[in-house]
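The basis for the numbers below is simple: all heavy atoms, side chains too, and nothing from hydrogens, waters or symmetry mates.
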Amino acid sequence: MPGSDDANAERDETNTQATDETQNRGHHMITRSKSGIYKPKGNTTSSCEEGNTFSFLIEMGYEAEEAYTAIERCGKDTPIMDVIEFIDAARMRHDAHAAPSEVKIEKLQSNRYKHELNESTRFKKQKMDKMAHRPNKMIGFGVPGVPVPPMVINRNLPHYTIGPPYFYYENVALTPKGVWSTISRFLYDIEPEFLDSQYFCAAQRKRGYIHNLPTNNRFRLLPIPPTTIQEAFPLSRPWWPAWDTRTKLNCLVTCVGSAPLTERIKIAIEKSGENEEPPSHIKKYVMNLCKKWNLIWVGKNRVAPLDPNEMESLMGFPENHTRGGGIGHTERYKLLGNSFQVDTVAYHLSVLKNLFPGGINVLSLFTGVGGAEVALHRLGIPLKNVVSVEMSKTCRIVVQSWWEETNQKGKLIHVPDVREVTEHILKKWISEFGGFDLVIGGSPCNNLAGGNRVSRDGLEGQHSSLFYEYYRILQSVRHLMRAS
DNA sequence: TATATTCGGATATCGAGC
DNA sequence: GCTCGATATCCGAATATA
């Protein structure tokens with residue numbers, strides 16, 4: 001099924017509906033009263049404070065049966081926002097197995113949302129776009145050594161997202177317009193933390209993170225890795241020309257420069273003669289290529305792409321993390337280019353150390369080569385149970401090897417397909433482990449990344465639409481844990 | 001307006017191994 | 001001669017900032 005046209009068509013259809021539902025839900029025709037109960041904005045006749053949740057849901061366009069079931073299962077005193085979340089999650093689960101017909105989508109749209117296409121909708125959207133605006137310097141909610149205004153750190157999370165289960169979602173910062181607004185709208189209107197890994201290592205990596213973690217008393221992993229190219233590659237210093245003024249590498253990606261390319265650069269420089277500084281047009285030509293392909297100087301007039309070991313080191317992984325096990329060069333580049341920068345993510349996750357001194361249970365979605373697991377381990381947070389969802393067999397081998405080599409005492413469960421993570425199996429895990437403490441993952445960025453010339457088609461793209469699977473699973477975990 | 005950056009994908013080619 | 005993996009080269013645009 002993975003990759004098949006039918007599967008994709010089905011997922012696309014599901015996602016279309018999901019987007020509409022949540023975007024519209026995101027308008028919040030509901031406000032929070034002083035008692036913490038939600039009620040519809042400008043319509044006092046269906047206040048939930050009066051115990052009229054059922055009528056309100058019907059008015060919102062929910063079907064009687066699902067409204068009734070949801071109230072039964074959530075409890076009569078549950079705030080209406082939580083009931084709506086419950087229903088949405090149920091729909092997502094249902095849709096994951098059976099795509100709704102177009103007729104049903106039309107029905108939902110016409111009944112439930114027709115009254116929401118108004119001024120407040122547009123206002124809300126504008127506000128969201130503004131909220132997801134990326135700042136000039138991507139320092140997130142603070143980086144070590146850079147003072148940040150307290151108002152940035154003391155953010156206001158929606159009350160229903162405070163506390164466990166903690167979640168952490170990551171993707172590229174520079175997406176097509178509107179993508180982060182949509183992601184944020186799904187993930188409870190939480191403001192993304194846009195942060196560049198250049199504050200943690202010698203390479204840039206502009207990423208957005210949406211999470212409900214506390215942000216005070218964060219700390220860095222030790223030892224602090226080199227933060228400039230020159231510190232990271234001391235052997236290259238003698239060969240580094242004065243006219244290459246880079247101190248940080250650009251984003252480490254999955255594609256690397258070729259050997260013939262580096263040879264062309266060498267020839268171009270040497271054309272200008274022995275011991276002569278090249279003319280400006282040659283310097284510009286060379287610098288463009290060096291920046292584009294992240295080349296470093298490794299000899300006289302000789303540049304080279306990073307090797308996989310160097311990439312591993314820059315990304316914060318242990319030496320030889322992706323080496324062996326029959327994994328080729330090209331594949332290592334691909335795996336590492338798609339990974340977390342460990343020091344950066346660990347900085348965010350560091351607040352979990354005091355919260356879970358006995359260790360944590362992790363649901364790791366799109367695990368890759370285990371950036372999150374490595375970060376938690378290096379922070380000294382014991383991994384009690386880790387469910388790792390990752391379709392690449394190579395990645396699973398890497399994570400399994402790391403798990404064994406670091407003598408983990410906990411339990412690691414591999415799940416190859418995200419669609420296997422059903423409510424049923426989640427319920428089983430939650431009951432077995434006592435719940436998940438952290439749901440973490442970065443969904444595929446293929447269709448969001450700037451380097452993609454073929455299929456940069458946004459959040460609904462073939463791969464990047466897996467974001468909705470992250471959302472579906474997170475929703476299920478939140479509701480199941482609340483129910484248990 | 002000019003410049004810089006970007007967790008990429010499709011295709012052809014090459015060579016090792018069979 | 002075939003398969004298969006590795007390699008090389010081609011392919012611009014969206015976005016932001018100066």
Side-chain angles (χ1 to χ4, degrees), chain A residues 3 129-130 132-138 169-181 183 194-198 201 203-209 245-246 248-265 280 284-285 287-295 304-308 311-312 314-317 322 326-342 344-345 365-372 390-395 441-459 461-464 466-467 470:
Chain A
D129 282 340
K130 197 176 174 185
H133 177 71
R134 293 176 286 269
N136 293 354
K137 291 199 177 207
M138 286 197 191
Y169 174 79
E170 179 260 14
N171 216 319
V172 292
L174 304 174
T175 60
K177 226 170 184 174
V179 167
W180 271 108
S181 300
I183 292 173
F194 290 110
L195 177 61
D196 191 333
S197 290
Q198 67 164 301
C201 69
Q204 295 186 40
R205 199 170 189 82
K206 295 177 178 66
R207 295 292 179 271
Y209 306 88
T245 55
R246 288 176 296 163
K248 301 277 184 187
L249 292 164
N250 281 337
C251 186
L252 274 51
V253 297
T254 57
C255 305
V256 291
S258 66
L261 173 76
T262 63
E263 187 59 19
R264 286 199 293 274
I265 289 175
S280 60
K284 192 174 176 186
Y285 163 77
M287 284 315 302
N288 276 341
L289 289 174
C290 284
K291 287 177 182 174
K292 182 177 179 186
W293 295 107
N294 259 339
L295 306 173
L306 301 171
D307 70 33
M311 248 175 105
E312 255 167 16
L314 286 162
M315 296 294 282
F317 287 96
T322 59
I327 307 173
H329 236 62
T330 315
E331 184 140 28
R332 288 179 75 192
Y333 283 123
K334 193 124 195 156
L335 303 183
L336 290 162
N338 278 321
S339 174
F340 284 167
Q341 205 287 325
V342 172
T344 312
V345 171
L365 304 173
F366 315 108
T367 304
V369 292
E390 172 55 55
M391 69 180 293
S392 156
K393 189 180 176 187
T394 313
C395 286
S443 60
C445 67
N446 311 32
N447 309 118
L448 310 178
N452 186 347
R453 315 209 173 156
V454 181
S455 55
R456 195 189 189 197
D457 27 34
L459 201 55
Q462 184 185 358
H463 304 287
S464 295
L466 284 169
F467 159 72
Y470 176 93

Quiz item: What one-letter contact string describes nucleotides 6-15 of chain B from 5' to 3', where B marks a base within less than 4.0 Å of any protein heavy atom, S marks contact via sugar-phosphate atoms alone, and - marks no contact?
Solution: BBBS------
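For E390(A), there are no salt bridge (Lys or Arg N to Asp or Glu O under 4.0 Å) partners, not counting sequence neighbours. With sequence neighbours excluded, no residue forms a salt bridge (Lys or Arg N to Asp or Glu O under 4.0 Å) with R456(A). With sequence neighbours excluded, the residues that form a side-chain hydrogen bond (donor to acceptor under 3.5 Å, both in side chains) with E331(A) are T394(A). For P444(A), the side-chain contact (heavy atoms from CB on, under 4.5 Å) test picks out F366(A), N446(A), H463(A), L466(A), with sequence neighbours left out. Remark: Y470(A) pairs with Y169(A) by the ring-ring contact (aromatic ring centres under 6.0 Å, His included) rule, at least two apart or across chains. Residues forming a side-chain contact (heavy atoms from CB on, under 4.5 Å) with A203(A) (at least two apart in sequence, or on another chain): C201(A), L249(A), L252(A). In this view, Y333(A) and H329(A) satisfy the ring-ring contact (aromatic ring centres under 6.0 Å, His included) rule, not counting sequence neighbours. Residues passing the salt bridge (Lys or Arg N to Asp or Glu O under 4.0 Å) test with K206(A) are D196(A), sequence neighbours excluded. For the side-chain hydrogen bond (donor to acceptor under 3.5 Å, both in side chains) test, no residue two or more places apart in sequence or in another chain qualifies with N288(A).
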Exercise. Determine which bases of DNA chain C form Watson-Crick or G-U wobble pairs with both distances under 3.5 Å, and write the result as a 5' to 3' dot-bracket string with | for other-strand partners.
Key: |||||||||||.||||||
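Spacing between dT9(C) and dT6(B) at atom P, rounded to whole Å, works out to 22 Å. Taking the C1' atom of each, dT3(B) and dG12(C) are spaced 16 Å apart, rounded to whole Å.
Residues T344(A) and S197(A) share a closest heavy-atom pair of OG1-OG, 2.8 Å.
Atom-to-atom, CG of D196(A) to C1' of dT17(C) comes out at 15 Å; the value is rounded to the nearest Å.
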Between protein and nucleotides 5-7 of chain C, what N or O pairs are separated by less than 3.5 Å?
| from | atom 1 | to | atom 2 | distance (Å) |
| --- | --- | --- | --- | --- |
| dT7(C) | OP2 | T330(A) | OG1 | 2.7 |

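Distances shown here put every side-chain N or O of R264(A) at or beyond 4.0 Å from the OP1 or OP2 atom of dA8(C).
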